[in-house]
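Since we're looking at a predicted model, the values are computed, not measured. Counting starts at 1 for both ligands and their atoms, following the listed order.
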Amino acid sequence: MANPTDQRLRIAAARADFLSSGHAGDDAVSDVVAASWKRSISAGADLSEVEATYHNDLDTKSRLVRCSEPIIIRLREETADIPLSIALTDGKARILTRWDTDQLIGMMCDRVSFAGGFEYAETGVGTNGVGTVFESGGSIFVVGPEHIHERLQAFACAGAPIRDPLTRRVEGVLDISALTEHSSPLMHSLVRSAALDIERNLLIDRSQCQQALFETFVRFDTRTRNAVIAVGGSVVMANAMVQSLFDPSEQQSIHEHARYLMAQHDRPVDQIELLTGKVVRMRGARIVVGNDIAGLVLELRLISEAASMPAETGAFEDRTLPAVSGRCGGRGYESAASLRAPASPISQGHSPAWRRACDDITEALRYHDALLVMGEHGTGKFSLVAEIYHRVNPGGRSFAIDAADISCDSYVEAEEALKATTVPTLYIFRNIDNLSTDGVERLHAFLETLADIERPAYVAATLSEVNLDSDLPFHDLLIHFQRAVTVPPLRHRAEDLPALVTQVLTNIADRRGVRVSLAAMRVIRCYTWPRNFRQLDEALRAALLRRPVGELQPEDLPGYCHGSARRQLSGIESVERDAIVQALLDADGNRIQAAAALGIARSSLYRKLKSYGITTL
Ligand SMILES: Nc1ncnc2c1ncn2[C@@H]1O[C@H](COP(=O)(O)OP(=O)(O)OP(=O)(O)O)[C@@H](O)[C@H]1O
């Protein structure tokens, strides 16, 4: 066996050859290292400057950190005599925590930005004990000149992937780094066995979540004769009463609604009407383990067997969308002709959360309660309130006033005109979370005047739920409202989606014979639609440009529909995701061909597919 110094000299020579000729030589370095050098160079890594990007949005209290901590503490104790740095990264090669057994190695690591918050992906830093693990999918020991980057050559780094025990997805990397003169091949074994121990802890933690869910389910089940369900992750449990009271499609709707409640902040208490007319009251508990929501256990009471569905037709014949929309900015008022009414009533829909929102809005308008309508952008908050109002008050009028208009000077004039209306009128203030302090004061004064005048006035305001936890000025207005309703996002209306797609298609391609194929509908169902109706509308319009008549296919839909990434993608990421979707479509879904066409390693392609949530191709 060659001594370590000779071996490092051979590697240094191979690296120099590679940099001048592009070939890694025959056997001085392993195939994994040679492939990493090639990737690093083609990614354009600068070999003289460490380009580790800094991130300040890391989750340092994650399940991974929690499960890793005891193992890392043990590792630190076992290696206390050797100058080492032990680092843990998240699933994007970003360093979450680093522990040093010696000050000097800590300082050396700081100098090359191997520290909390920095990203050690191959694209920025070249071959290393973190990024190369993500690219190769396996553990690695990178010593001295095997680092393609000059400034990392003083180090020896052993890295091992930490996989989720059930999905096998790489959740992070455990890395042990030392100066080359202090390194030993044992570092590689140490890091692998510690990573396995962390995986074991992840498994125990997951089963703790399931255990907590199961125990709460059993507790509920023993203290009641009612139906009880538990949902969490991929688990669904139900007692015998659920089976005898509800058929499979009703159970499906209940599960869907339970998952919706799980994502809400309020106590899980609700009453819903199922498609079959059964009215179900649900009340339960959210199970939290550490920072994670493990699931929801609900006790279900059947309130009535076949309550009639709220009238959706008939009374709707003379429905008009907002009769008048107030606009200011020098243009005075204009008719709401631009607010195009969908071909059929918006309030039609069978998802329990949607039915619930419709019923609550109807009730609030009947009782003249000032109403806050919350939900994501584009869920149809405004259109729904306007539609229900015109159904409840067939002769009534409505004014829609946007936050931006309240903040502008000509609002004073608009305000006077609004107050002069004598017929029953609904005032809908849109997106009040966007109001400035000045706008809030104006609206506050207007709402106070409205409360004093003696004529039928209805008030509703829309806002985006994400801003509820903020300290934005609109909070001062909340005293004017008696009721709050949440309009669910499209992704929580799975059973309504086919009808909604048809509705949007009818709006935009009225008389053309256009349908959506089953495969395209599958893609639409899988996507999360963060901008809801507006995005669905855009996606279907884009699809119609590709196929103006006939049956829309998956490939007609924009690239992003093929992913389910929940996070907001940057501009570059969106371009990359679209290129990947196109390459996969061109290659008929063949990953090897698509990777070759894109010029990236197959492992990189798989990683990107996961990161962008591309699953339907
Ligand atoms: N059921 C539906 N079918 C078809 N189109 C709909 C439906 N509901 C809403 N839309 C359309 O979706 C778009 C967004 O609706 P709306 O403005 O009512 O949503 P919003 O939640 O108030 O949005 P924002 O929060 O962004 O103000 C509108 O163009 C509207 O016509």
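- Residue contacts with ligand 1: G380 is placed with a nitrogen or oxygen under 3.5 Å of a nitrogen or oxygen of the ligand (distance criterion only).
- R531 and E538 are joined by a salt bridge, as a carboxylate oxygen and a charged side-chain nitrogen come within less than 4.0 angstrom of each other.
- With a heavy-atom cut-off of 4.0 Å, Q503 touches ligand 1 through its side chain alone.
- Salt-bridge annotation for R94 and D57: present, with a side-chain N of the basic residue lying under 4.0 Å from a carboxylate O of the acidic one.
- Considering backbone and side-chain N/O atoms, T462 never comes within less than 3.5 Å of an N/O atom of ligand 1.
- Ligand 1 lies within reach of V504, whose nearest heavy atom is under 4.0 Å from it.
- Using a 4.5 Å heavy-atom threshold, the side chains of E495 and P352 count as touching.
- Atom numbering of ligand 1 starts at 1 in the shown order; those under 4.0 Å from a heavy atom of N431 are 24 (P), 25 (O), 27 (O).
- Residues Y458 and N393 meet the side-chain proximity criterion, which asks for heavy atoms closer than 4.5 Å.
- When the salt bridge (charged side-chain N to carboxylate O under 4.0 Å, His left out) test is applied to E555, no partner is found at least two apart in sequence or on another chain.
- Which parts of ligand 1 touch R430 is read off a 4.0 Å heavy-atom cut-off, strictly below it: atoms 16 (P), 17 (O), 22 (O), 27 (O).
- Legend: salt bridge (Lys or Arg N to Asp or Glu O under 4.0 Å) pairs involving residues 364-376, not counting sequence neighbours, sorted by first then second residue: D369-R483, E376-R491.
- One option in A499, P489, S383, G378 has a heavy atom closer to atom 28 (C) of ligand 1 than any other, and that option is S383.
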